[in-house]
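Counting convention: from 1, in listed order, for ligands and their atoms alike.
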Amino acid sequence: MNEATLKEARILMVDDDVNSTCLMTNFLHRIGYGQLRSINDSTHTFEAIEAFAPDLILLDLAMPNISGFQVLEALRADRQGENQIPVLVLTGDDSAKNKRRALAAGATDLLVKPFDTSEVSMRIRNLLQAHFLRLEIQEQNRVLEDRVRERTRELEGALENLRATQRQLLQQERLSAFGEMAGGVVHDFSNSLMSIIGYSEMLITNAKARADEATALEYLRIINTAGRDGAHVVSRLRDFYRPRGAADLLEPLDLNEIVTQSIALAKPRGAKREREKTVSFRTDFKGEVMAAGIGAELREVLTNLIFNALDAIPGAGIITLRTFTQRGSAIVEVTDTGAGMSAEVRERCLEPFFTTKGDQGTGLGLAMVFGIIKRHQGALEIESEPGKGATFRIQLPACAQGVATPSGNVLAIVPRAEAA
Ligand SMILES: Nc1ncnc2c1ncn2[C@@H]1O[C@H](COP(=O)(O)OP(=O)(O)O)[C@@H](O)[C@H]1O
Ligand SMILES: [Mg+2]
């Protein structure tokens, strides 16, 4: 703190004794203080404080009307905490009780008359220095608080922007997931249509098949299953934002039956090749294999795998569907003797839109397969090498038995320990 600033300080003297204030004024002038004011009637103290805004008050205690103690108490009540003006009490009464009372009432410091001038000058200097330092700190705090407020506002703005971006991203992700799923639905739905069209065409064009009631009924059953599966596929669109609900309860399914149905559903596409005896289907069932699942979805999985196998077999080949139970899991394998996959294709084949078939492929079949297996809490393993065919192994929670619910549904019971 420089000397000039200190000597700019405003000092207010309150003392009923005119002599005292004159002496003090002269003294203060002499040691360099220029801004001085004195009042001898203590009733005007607060007006003077208001008008003069002192940095220091020199206060007498024994005064008529309003005593120095009353001034101190009023000052303290008026300015709580902040903006306290230091008060140096000048008193003729040097009793300990008097001093204590003054300090308790809020005096910053106290001097007993008669004074030693150099002591007065030092005390005034100390009080002013402390006062100015405090003001400076207060000012700095204010600046800091403003800065913090401003930064907080900026951060809040940035946070809001971030949230908006996140919302947008989520929306975009949902849209693209929805697009993918819609693509998958179209893909699987056209698989169902293909079965319906294929078998109905056989009935239309083949009078012998029509005449044989058993064959006709079999074809109609397949058409019926394909139609129902198609409806299930479409319901996935509606269910997009809805988690699996009560209507999707897993049923106990005979996997051998699902495999047989899937081969029948996929056959129209393989029919021509089978007729030319280039591709044959084989099944390998090791006893009854029961899994917990949704029939329509598992048929979708298997027909997709069969179509891929057909695509992978350029000339003659075999497609084998095998089922068995292993350590509490129901397993279905689809193996073909086709072209197989390179390591890169094997790694990427589950990605939506990944296809090596150019315009002929959609790249959605395996993505749907994977999604369905995941929703069944199952697992998918792929074994394949170029030139050595491929095996897709699906592992599903096996189910011990089914129970009927009050609504007439049948729930699959998955043994807990084994399902893990
Ligand atoms: N059984 C298989 N043998 C060889 N490659 C396969 C087989 N199944 C799938 N793939 C590879 O995985 C890719 C992705 O399959 P998929 O998701 O069904 O899409 P798409 O059949 O429309 O190409 C195929 O393009 C193919 O390269
Ligand atoms: Mg495919």
Side-chain angles (χ1 to χ4, degrees), residues 176-195 197-198 226 229-230 233 236 259 262-274 278-284 296-323 331-376 378-395:
S176 87
F178 186 77
E180 264 173 28
M181 199 225 18
V185 164
V186 169
H187 171 265
D188 288 347
F189 189 66
S190 44
N191 283 349
S192 292
L193 283 182
M194 206 137 56
S195 307
I197 293 167
D229 289 358
V233 165
R236 283 213 305 261
V259 166
S262 304
I263 295 172
L265 288 167
K267 262 195 177 155
R269 186 145 150 198
K272 187 169 162 279
R273 315 234 344 230
E274 230 194 350
T278 56
V279 173
S280 55
F281 284 94
R282 286 188 195 161
T283 52
D284 178 4
E297 295 192 356
L298 293 183
R299 279 190 292 269
E300 249 174 83
V301 165
L302 292 178
T303 46
N304 268 305
L305 295 180
I306 293 170
F307 288 155
N308 280 346
L310 285 168
D311 291 341
I313 299 173
I318 303 165
I319 299 173
T320 308
L321 286 99
R322 190 175 291 122
T323 63
I331 316 279
V332 198
E333 282 180 6
V334 180
T335 303
D336 67 68
T337 55
M341 287 183 260
S342 68
E344 197 225 331
V345 172
R346 201 177 53 231
E347 262 158 42
R348 298 195 53 197
C349 66
L350 299 180
E351 284 174 24
F353 303 113
F354 175 82
T355 180
T356 55
K357 299 172 192 168
D359 287 347
Q360 303 297 308
T362 60
L364 288 168
L366 288 182
M368 297 308 289
V369 163
F370 187 64
I372 290 172
I373 293 173
K374 246 188 359 198
R375 271 184 287 147
H376 275 74
L380 175 66
E381 267 174 56
I382 304 168
E383 273 167 29
S384 183
E385 269 178 59
K388 295 201 176 155
T391 294
F392 286 77
R393 184 175 303 112
I394 300 161
Q395 192 181 315

Separation between CE of M341 and CZ of R348, rounded to the nearest 0.5 Å: 13.5 Å
For atom 19 (O) of ligand 1, what is the closest protein heavy atom, and at what distance to 0.1 Å? G363 CA, 3.2 Å
Logged contact type for A312 with ligand 1, heavy-atom cut-off 4.0 Å, is side chain
Inter-residue atom distance T337.OG1 - I313.CD1, 0.5 Å rounding: 4.5 Å
Closest protein heavy atom to atom 1 (N) of ligand 1, given as residue, atom name and distance to 0.1 Å: D336 OD2, 2.9 Å
Between N308, D311, T337, flag the one that comes closest to atom 7 (C) of ligand 1 by a heavy atom. N308
Are any of the heavy atoms in G338 under 4.0 Å away from ligand 1? no
Is the closest side-chain heavy-atom distance between E300 and D229 below 4.5 Å? no
Heavy-atom proximity to atom 5 (N) of ligand 1, picking from R348, E351, M368, M341, points to M341
Using a 4.0 Å cutoff against the non-hydrogen atoms of C349, which atoms of ligand 1 qualify? 12 (O), 14 (C), 17 (O)
Could you list which atoms of ligand 1 come closer than 4.0 Å to a heavy atom of G365? 16 (P), 17 (O), 18 (O)
Is there at least one pair of N or O atoms, one from L366 and one from ligand 1, spaced under 3.5 Å apart? yes
Positive for side-chain contact (heavy atoms from CB on, under 4.5 Å) with V301, one of D188, I372, I306: I372
Below a 4.0 angstrom heavy-atom separation, can you tell me which part of V369, side chain or backbone, both or neither, approaches ligand 1? neither
If we set the cut-off at 4.0 Å for heavy atoms, which region of F307 has an atom near ligand 1: side chain, backbone, both, or neither? neither
Return the closest protein heavy atom for atom 14 (C) of ligand 1 as residue, atom name and distance. F354 O, 3.3 Å
For the residue pair G389 and S384, what are the closest heavy atoms and their distance? O-OG, 2.9 Å
Once you round to the nearest 0.5 Å, how far does OG1 of T283 lie from CD1 of I263? 6.0 Å
Counting each atom of ligand 1 from 1 as listed, which ones have a heavy atom of K357 under 4.0 Å away? 20 (P), 21 (O), 23 (O), 24 (C), 25 (O)
So if I count the atoms of ligand 1 from 1 in the order they appear, which ones are less than 4.0 Å from some heavy atom of G361? 22 (O)
Any side-chain heavy atom of L305 within less than 4.5 Å of one from V332? no
Write down the atom of L366, the atom of C349, and the distance for their closest heavy-atom approach. CB-O, 3.5 Å
Should you measure from each heavy atom of G340, which atoms of ligand 1 turn up under 4.0 Å away? 4 (C)
Starting at CD1 of I394, measure out to CD1 of I382 and round the result to the nearest 0.5 Å. 10.0 Å
Mark up the atoms of ligand 1 that fall under 4.0 Å of a heavy atom belonging to V345, in ascending order. 11 (C), 27 (O)
Starting from atom 25 (O) of ligand 1, what is the nearest protein heavy atom, named by residue and atom, and what distance separates them? T356 N, 2.8 Å
Considering all heavy atoms of both residues, which atom of D336 and which atom of A312 are nearest to each other, and what is their separation? OD1-CB, 4.3 Å
I need the contact type for T355 against ligand 1. Using non-hydrogen atoms and a strict under-4.0 Å cut-off, is it side chain, backbone, both or neither? both
Qualifying residue for salt bridge (Lys or Arg N to Asp or Glu O under 4.0 Å) with E383, from K388, R393, R346: R393
Rounded at 0.5 Å granularity, tell me how far OG1 in T362 sits from NZ in K357. 8.0 Å
contact_flag A339 ligand 1 heavy-atom lt 4.0 Å: no
Which heavy-atom pair separates L265 from S195 by the least distance, and what is that distance? O-OG, 2.7 Å
Report, as yes or no, whether the 6.0 Å neighbourhood of atom CZ on F354 holds more than 12 heavy atoms from other residues, nucleotides or ligands. yes
For ligand 1, which atoms, with element, lie under 4.0 Å from some heavy atom of T362? 22 (O)
Enter the distance from T303:OG1 to L298:CG here, rounded to the nearest 0.5 Å. 10.5 Å
What are the two closest non-hydrogen atoms of G315 and V279, and how far apart are they? O-CG2, 4.4 Å
Only heavy atoms of F392, strictly under 4.0 Å: list the atoms of ligand 1 that pass. 1 (N), 8 (N)
Near the Mg ion (ligand 2), which protein N/O/S atoms are found at less than 2.8 Å? N308 OD1
